[in-house]
Amino acid sequence: MKAIIIGAGRIGRGFVASLLKRNQVELTFFDVNPSVVEQLNEYKTYTVHVLGNAEKDTVIDHYQAYLLSDKERLATELAESTVVFTAVGGKNLAGVGEKISEAYHELYQQNQLPKNVFITCENWLTPAEELHEAILNGLSEAEQNKFEDGNDVSQAVIRASGTSAPADFDLKNQMDTWVQDYWEIPVDQARITVNQLPDWQYFKFDPQFGKMLYQKIYTNNTSVALIAYLGSLKGYTVLSDAANDPEIVELLDQGYDEINRALIAQLQVSEESQLEFSQIAKEKYQSRTIIDAVDRIVRDPIRKLSPTDRLIGPAKMALDSGFEPRALAKAIAAALYYDNEEDPVSVKLQEMRKEKGDIKTLEELSGLKENDALLKLVLAAIDELKEKEWIKQVKEDE
């Protein structure tokens with residue numbers, strides 16, 4: 001069996017590739033980065049290292065790698081493959097969908113109608129819908145009908161972390177990557193109605209997938225944002241160091257309680273399922289075996305302060321559930337004050353704050369109004385963080 005992985009980053013060439021390799025699936029990578037494609041083809045093999053458990057390392061070999069812009073090759077691989085994974089970041093799904101539709105158009109003109117299961121592996125709330133729509137947007141009505149007849153577009157939850165090489169590792173192969181010792185990918189089975197499900201180990205095709213992506217993002221992504229933004233204020237550079245700081249741990253536990261209560265009430269997920277999500281997340285971020293940079297997590301703060309993203313979204317759910325998300329409010333405050341001169345988005349955010357003030361900035365980015373309960377909680381959280389000197393009162397305040 002053959003599979004395509006679009007996006008040869010840490011999750012694509014690391015976590016997803018290692019599980020497919022263990023199922024003896026033949027792999028073809030597509031990526032937009034010429035350097036990554038060149039190195040994959042130059043090395044011809046690389047290792048997916050399992051953090052804290054080298055016995056589980058997986059050697060990836062006998063693969064092919066191409067640029068995503070190679071329409072003819074993408075068309076050929078779509079015709080020969082069974083499953084297509086994306087691991088590109090949610091904001092890039094529209095561009096990937098466009099490339100897939102171009103390749104499918106070529107195949108349609110040749111009277112070749114491939115049948116694939118597309119599975120998104122993104123930290124995104126609606127990845128399957130967005131990829132599906134992007135593919136169909138590039139096709140004629142007749143092509144759309146044929147695509148729908150033969151293809152499924154589904155989505156997966158990725159709970160494992162991918163990281164770069166440990167500082168003391170003698171890295172000889174730039175394609176080597178490191179992943180968490182975690183071995184399951186839940187996939188939304190209800191979206192696969194045309195094609196037969198692959199019989200693979202580690203892939204859990206779940207007919208009750210439901211709101212699992214919301215659970216994942218509003219649990220994992222929300223809590224790691226809390227750790228990272230508060231950790232950044234306190235000067236941490238390594239995520240696990242911040243996640244084990246006693247003051248942050250206290251807020252993290254409070255944050256998980258707020259998240260759990262909100263998601264159980266608003267998504268109507270089971271308490272058992274939600275508590276498992278939060279427990280696994282906390283263990284993951286506190287693990288000293290996973291070396292992740294705070295700066296990687298906190299980048300792009302403007303997007304992360306948007307109305308439905310990982311901070312504002314669950315905080316509003318908490319208020320809708322009848323309680324005040326005080327820990328999440330502190331995470332929002334910390335994100336608002338994330339100040340890194342080397343991060344262009346952070347620079348833009350701080351310029352907005354200086355020009356418009358905290359209230360107007362939150363109104364513009366997060367959709368909050370001046371009298372909103374959440375905005376008041378965030379303003380109170382800013383004052384608390386200033387009192388604790390986590391937010392240094394220099395620049396605009398002095």
Side-chain angles (χ1 to χ4, degrees), residues 1-9 11-13 16-17 20-21 25-42 44 60 62-122 124 126-156 187-188 191-198 200:
M1 182 177 288
K2 295 185 67 173
I4 295 170
I5 298 176
I6 301 177
I11 295 301
R13 80 170 187 272
V16 176
L20 290 171
K21 181 68 174 180
V25 177
E26 184 179 344
L27 300 178
T28 301
F29 294 99
F30 285 89
D31 200 273
V32 297
N33 189 329
S35 177
V36 169
V37 172
E38 288 171 9
Q39 289 184 84
L40 281 170
N41 289 324
E42 177 184 347
K44 301 186 187 309
I60 310 296
H62 302 294
Y63 57 77
Q64 302 175 81
Y66 303 97
L67 285 171
L68 186 58
S69 57
D70 188 340
K71 179 173 61 177
E72 287 73 20
R73 175 52 60 177
L74 180 57
T76 297
E77 295 300 325
L78 285 173
E80 296 179 357
S81 298
T82 304
V83 185
V84 181
F85 293 88
T86 73
V88 298
K91 63 184 178 182
N92 298 311
L93 284 171
V96 169
E98 181 181 349
K99 295 300 182 184
I100 292 171
S101 66
E102 290 174 358
Y104 188 86
H105 173 76
E106 292 294 312
L107 291 169
Y108 181 86
Q109 295 298 314
Q110 299 165 21
N111 199 30
Q112 296 187 57
L113 301 175
K115 293 186 176 183
N116 285 292
V117 177
F118 294 85
I119 301 175
T120 61
C121 301
E122 318 292 349
W124 211 248
T126 56
E129 291 93 333
E130 293 183 35
L131 178 63
H132 194 185
E133 181 180 0
I135 294 171
L136 294 183
N137 282 345
L139 302 177
S140 68
E141 183 176 352
E143 291 168 340
Q144 289 177 0
N145 292 334
K146 289 297 184 182
F147 181 87
E148 298 284 61
D149 287 343
N151 297 271
D152 299 288
V153 182
S154 189
Q155 54 199 4
V187 181
D188 190 349
R191 292 178 180 273
I192 303 174
T193 60
V194 176
N195 291 283
Q196 184 175 352
L197 297 175
W200 290 338

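Keep in mind that this is a model prediction, so the values were computed, not measured. Each residue takes its place number in the sequence, starting with 1.
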Can you measure from CD (Glu98) to CG (Asn92) and round to the nearest 0.5 angstrom? 12.0 Å
So does Lys2 have more than 12 non-hydrogen atoms from other groups sitting under 6.0 Å from NZ? yes
Rounded distance (nearest 0.5 Å) linking atom CH2 of Trp200 with atom CE of Met1: 6.0 Å
In sequence, state the C-alpha distance, the side-chain angles, and the governing distance for Phe29 and Asp31, and then conclude on side chain to side chain contact (heavy atoms under 4.5 Å, CB included). CA-CA 7 Å; Phe29 294 99; Asp31 200 273; over 6 Å; no
Here the pair of heavy atoms bringing Pro114 nearest to Leu107 is CG-CD1, 3.5 Å
How would you list all residue pairs meeting ring-ring contact (aromatic ring centres under 6.0 Å, His included) that involve residues 65-86, not counting sequence neighbours? Phe30-Tyr66, Phe85-Phe203
Shortest non-hydrogen contact between Ile5 and Gly12, atoms and distance: CD1-O, 3.5 Å
Could you pull out the closest heavy-atom pair between Gln155 and Ile119, with the gap in Å? C-CG2, 4.1 Å
Which ring-ring contact (aromatic ring centres under 6.0 Å, His included) pairs, counting each pair once, include a residue from residues 93-112, with sequence neighbours left out? Tyr104-Phe147
Those residues that, when tested against Glu148, pass salt bridge (charged side-chain N to carboxylate O under 4.0 Å, His left out) (two or more places apart): none
Can you see which heavy atom on Ile4 is nearest to which on Ser81, and at what distance? CG1-OG, 3.4 Å
Hey, are the side chains of Val194 and Asn151 touching, using non-hydrogen atoms and a 4.5 Å cut-off? no
Verify side chain to side chain contact (heavy atoms under 4.5 Å, CB included) between Glu130 and Glu122, making sure each step is shown before the conclusion. CA-CA 11 Å; Glu130 293 183 35; Glu122 318 292 349; over 6 Å; no
With the threshold set at 4.0 Å, does a side-chain nitrogen-carboxylate oxygen contact exist between Glu129 and Arg191? yes
Show the atom names and distances, to 0.1 Å, of all donor-acceptor pairs under 3.5 Å that link a side chain in residues 133-141 to residues at least two apart or in another chain.
residue : atom : partner : partner atom : Å
Asn137  : ND2  : Glu133  : O            : 3.3
Ser140  : OG   : Glu143  : N            : 3.2
Ser140  : OG   : Glu143  : OE1          : 3.3

Take Leu68 and Leu74 through the test side chain to side chain contact (heavy atoms under 4.5 Å, CB included) and record every step on the way to the result. CA-CA 7 Å; Leu68 186 58; Leu74 180 57; 4.1 Å; yes
Evaluation steps, side chain to side chain donor-acceptor pair (under 3.5 Å), between Ser35 and Gln39: CA-CA 6 Å; Ser35 177; Gln39 289 184 84; 3.1 Å; yes
Check step by step if side chain to side chain contact (heavy atoms under 4.5 Å, CB included) holds for Val88 and Leu93. CA-CA 7 Å; Val88 298; Leu93 284 171; 4.1 Å; yes
For Lys115, does the NZ atom sit with more than 12 other heavy atoms under 6.0 Å from it, leaving out its own atoms? no
Can you list everything that forms a side chain to side chain contact (heavy atoms under 4.5 Å, CB included) with Glu42? Sequence neighbours excluded, please. none
Taking Phe118 as the fixed residue, which of Asp152, Ile100, Thr86, Ile6 is the one that meets the side chain to side chain contact (heavy atoms under 4.5 Å, CB included) rule? Ile100
A quick test of your reading: do over 12 heavy atoms of other residues, nucleotides or ligands sit less than 6.0 Å from CD of Gln109? yes
If I take atom CD from residue Glu26 and atom OH from residue Tyr63, how far apart are they, to the nearest 0.5 angstrom? 13.5 Å
Looking at side-chain heavy atoms only, is the closest gap between Arg73 and Thr76 below 4.5 Å? yes
Contacts of type salt bridge (charged side-chain N to carboxylate O under 4.0 Å, His left out), residue Glu106, not counting sequence neighbours: Lys71
For Ser154 versus Val187, what's the shortest heavy-atom pair and its separation? OG-CG1, 3.8 Å
If I compare all heavy atoms of Leu131 with all of Val153, which pair ends up nearest, and what's the gap? CD2-CG1, 4.1 Å
